[in-house]
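One structure is given below, encoded as structure tokens.
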Amino acid sequence: MSAELESIIVGMQNGYKQGVQGDIYHGLIVREIQYLFERKELIAGKVSVVLPIVFEDMNENMKKLKYPAEGRPQYIKTSLDTTVNLCFSLLDQDITENQVPYLKDQMKMLLMKMQPANIFFENKTEKKKKQVFGWFTYKGFTIDEPIYTHMFVTNIDNKVFHGTFSCLFSEKELWKRAFTDIMFSVRDMTEEESDENSESV
């Protein structure tokens with residue numbers, strides 16, 4: 001085997017060890033660690049979402065440390081090392097499908113004013129069945145290390161459902177696709193029940 005060919009093979013092997021393969025529906029491998037996912041009811045009878053099985057509920061002390069503001073997320077699923085966080089909140093605020101893009105833009109504008117150093121990337125809106133997802137991604141700066149954040153809003157039972165997914169910016173490419181897939185896996189269970197009832201009548 002030539003030295004050049006051997007170098008290419010070694011490079012591919014190292015890329016596998018450092019990269020990401022698969023998806024949340026068939027199993028995700030991140031740097032040789034396999035993550036399996038399953039659909040869970042995040043809020044009984046309201047919201048279900050596909051989540052990593054090994055992610056745990058963040059304990060209250062860690063919540064207060066990572067999210068010191070009183071308006072911290074209602075539900076936080078975190079990796080074992082707490083560097084990857086999936087945050088969700090169902091707000092008591094009415095919203096229609098048409099208002100989702102507007103609310104998403106308002107959230108982004110507020111962040112730009114509060115944290116002008118942030119660097120923004122994607123800014124999109126997409127409809128999936130009866131739900132509209134508005135989201136944007138950005139690089140935020142902390143004392144320790146920059147953070148990659150995927151923030152979204154959608155309509156659940158005509159209420160605002162808000163999500164914030166984050167990881168170390170150095171691991172952005174490892175989790176970017178998974179964050180988008182997890183967002184799109186969010187289901188309005190009240191709509192599913194109404195569909196079932198209408199079919200049975």
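Here the shortest heavy-atom pairing between P101 and T125 reads CG-CG2, 3.7 Å. Closest of all the heavy-atom pairs between L28 and G22 is CD1-O, 3.5 Å. What you find for F133 and V186 is that their closest heavy atoms are CZ-O, 3.9 Å. Residues N155 and V132 share a closest heavy-atom pair of OD1-N, 2.9 Å. The minimum heavy-atom distance between D94 and Q99, with the atom names listed, is O-OE1, 4.2 Å. Minimum heavy-atom separation, P52 to L86: CD-CD1, 3.8 Å.
Here F55 pairs with nothing under the ring pair (Phe, Tyr, Trp, His ring centres under 6.0 Å) rule; sequence neighbours left out.
For the atom pair K66 NZ and M58 CE, the distance stands at 5.5 Å (nearest 0.5 Å). One finds the OG1 atom of T142 at 8.5 Å from the CG atom of L168 (value rounded to the nearest 0.5 Å). The CE atom of M189 sits 11.5 Å away from the CG atom of D157 when rounded to the nearest 0.5 Å. F136 CZ to F152 CZ: the interatomic distance, rounded to the nearest 0.5 Å, is 11.5 Å. For the atom pair I182 CD1 and F37 CZ, the distance stands at 5.0 Å (nearest 0.5 Å). If you take CZ on F179 and CG on L174, they are separated by 10.0 Å, rounding to the nearest 0.5 Å.
Of the listed residues (R187, R39, E41), just one forms a side chain to side chain donor-acceptor pair (under 3.5 Å) with S48, and that residue is R39.
A salt bridge is defined here as a Lys NZ or Arg NE, NH1 or NH2 lying under 4.0 Å from an Asp or Glu carboxylate O, and E126 with K124 fails to meet this definition.
Under the 4.5 Å side-chain heavy-atom criterion for ILVMFWY residues, no single connected hydrophobic cluster contains both I29 and I53. Grouping the Ile, Leu, Val, Met, Phe, Trp and Tyr side chains by contacts below 4.5 angstrom, directly or via other members, places M151 with V160. Residues I147 and V30 are members of separate hydrophobic clusters, defined by side-chain heavy-atom contacts under 4.5 angstrom among Ile, Leu, Val, Met, Phe, Trp and Tyr. The cluster map of Ile, Leu, Val, Met, Phe, Trp and Tyr, joined by side-chain heavy atoms under 4.5 Å apart, puts V153 and L91 in the same cluster. Cluster annotation: M183 and V49 are assigned to the same hydrophobic cluster (Ile/Leu/Val/Met/Phe/Trp/Tyr, side-chain heavy-atom contacts under 4.5 Å, transitive).
In the displayed structure, K64 atom NZ is contacted under 6.0 Å by at most 12 heavy atoms of other residues, nucleotides or ligands.
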Validation: residues 71-78 side-chain donor-acceptor distances under 3.5 Å, sequence neighbours left out:
from, atom 1, to, atom 2, distance (Å)
R72, NE, Y67, O, 2.9
R72, NH2, Y67, O, 3.3
R72, NH2, P68, O, 3.4
Q74, OE1, L90, N, 3.0
Q74, NE2, L90, O, 3.1
K77, NZ, D57, OD1, 2.5
T78, OG1, V84, O, 3.4
T78, OG1, N85, OD1, 2.7

Contacts table for residues 102-118: side-chain donor-acceptor under 3.5 angstrom, sequence neighbours left out:
from, atom 1, to, atom 2, distance (Å)
K104, NZ, N123, OD1, 2.7
Q115, OE1, N118, ND2, 2.9

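Under 3.5 Å, the side chains of D81 and S79 contain a donor-acceptor pair of N or O atoms. Checking S170 against E145 by side-chain atom types alone, a donor-acceptor pair falls below 3.5 Å.
Proximity of a side-chain donor or acceptor of Q131 to a complementary backbone N or O of D188 within less than 3.5 Å is detected. Judged by distance alone, the side chain of S89 and the main-chain N or O of H162 form no donor-acceptor pair under 3.5 Å.
Ring centroid separation for the pair F165 and F88 comes in under the 6.0 Å cut-off.
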